[in-house]
Amino acid sequence: MTKVMVNGVARDMTVKEQAEYDARQTEYQNNLPSLKLKQIKEIRLQKLMESDYLALSDVVLSDSWKDKRQSWRDIPQNFTTEEQYDLLLARDSDGKLTHTIWEKPWVT
């Protein structure tokens, strides 16, 4: 049984509480891949927005930037498993995303 704190005292959950807790945990686990994909899409959108100024009509966009922006747009089609989502969301000890897809191209 899972413990629960009530008025500062730990006790075992009742059978009903445990069943509700287990159901919530199962629902969360079942929804985890879609939550990860949502987070990836938010990061992708941020990266695209940060580089939008490069795609203005008065700016010549380098091929490396064109390719990078396209790779960001293609993430949902190219990364489709929860394991791949975990790789895209991996961070170093400083909190920086580590997957190379998030890196900006050297050539501007």
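Since we're looking at a predicted model, the values are computed, not measured. Sequential numbering from 1 along the given sequence is applied to the chain's residues.
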Rounded to the nearest 0.5 Å, what separates atom CD in Q84 from atom CD1 in I101? 10.5 Å
Any donor and acceptor pair, going by atom type alone, linking the side chain of S62 with main-chain N or O of W65 inside 3.5 Å? yes
Apply the test side chain to side chain contact (heavy atoms under 4.5 Å, CB included) to residues Y28 and L35: give CA-CA distance (whole Å), side-chain angles for both, the deciding distance (0.1 Å), then the verdict. CA-CA 9 Å; Y28 175 78; L35 294 172; 4.0 Å; yes
L54 with L48, same ILVMFWY side-chain cluster at under 4.5 Å: yes
Nearest 0.5 angstrom please: K36 NZ to K38 NZ, how far? 15.5 Å
Give the intermediate values and the outcome of side chain to side chain contact (heavy atoms under 4.5 Å, CB included) for residues D74 and S71. CA-CA 5 Å; D74 291 342; S71 73; 5.6 Å; no
If I compare all heavy atoms of D12 with all of K3, which pair ends up nearest, and what's the gap? OD1-NZ, 3.0 Å
Can you tell me how far apart CD (Q39) and CG (L89) are? Round to the nearest 0.5 Å. 4.5 Å
Hphob cluster co-occupancy, Y21 + V6, side-chain heavy atoms under 4.5 angstrom: yes
Whether the Q46 and E50 side chains hold a donor-acceptor pair (N or O, under 3.5 Å, no angle test) is what I'd like checked. yes
Lys/Arg-Asp/Glu bridge criterion (N-O < 4.0 Å) met for D52, R69: yes
State plainly whether one hydrophobic cluster holds both V4 and V9, where clusters connect Ile, Leu, Val, Met, Phe, Trp and Tyr through side-chain heavy atoms under 4.5 angstrom apart. no
Measuring from T81:OG1 to F79:CZ, what's the distance to the nearest 0.5 Å? 9.5 Å
Side-chain donor or acceptor of K68 paired with backbone N/O of W102 under 3.5 Å: no
Any chance you could measure R91, atom CZ, to T98, atom OG1, to the nearest 0.5 Å? 9.0 Å
Looking only at atom types and distance, does a side-chain atom of D94 sit under 3.5 Å from a main-chain N or O of K96, one as donor and one as acceptor? no
Nearest-0.5 Å distance, CG of residue L88 to CZ of residue R44: 11.0 Å
Do M1 and V15 pass the side chain to side chain contact (heavy atoms under 4.5 Å, CB included) test, and can you show the C-alpha distance, the side-chain angles, and the key distance before you say yes or no? CA-CA 8 Å; M1 280 285 186; V15 172; 4.1 Å; yes
Would the distance check show the side chain of W72 and the main-chain N or O of I43 forming a donor-acceptor pair, the cut-off being under 3.5 Å? no
Close side-chain approach of N31 and S34, heavy atoms under 4.5 Å: yes
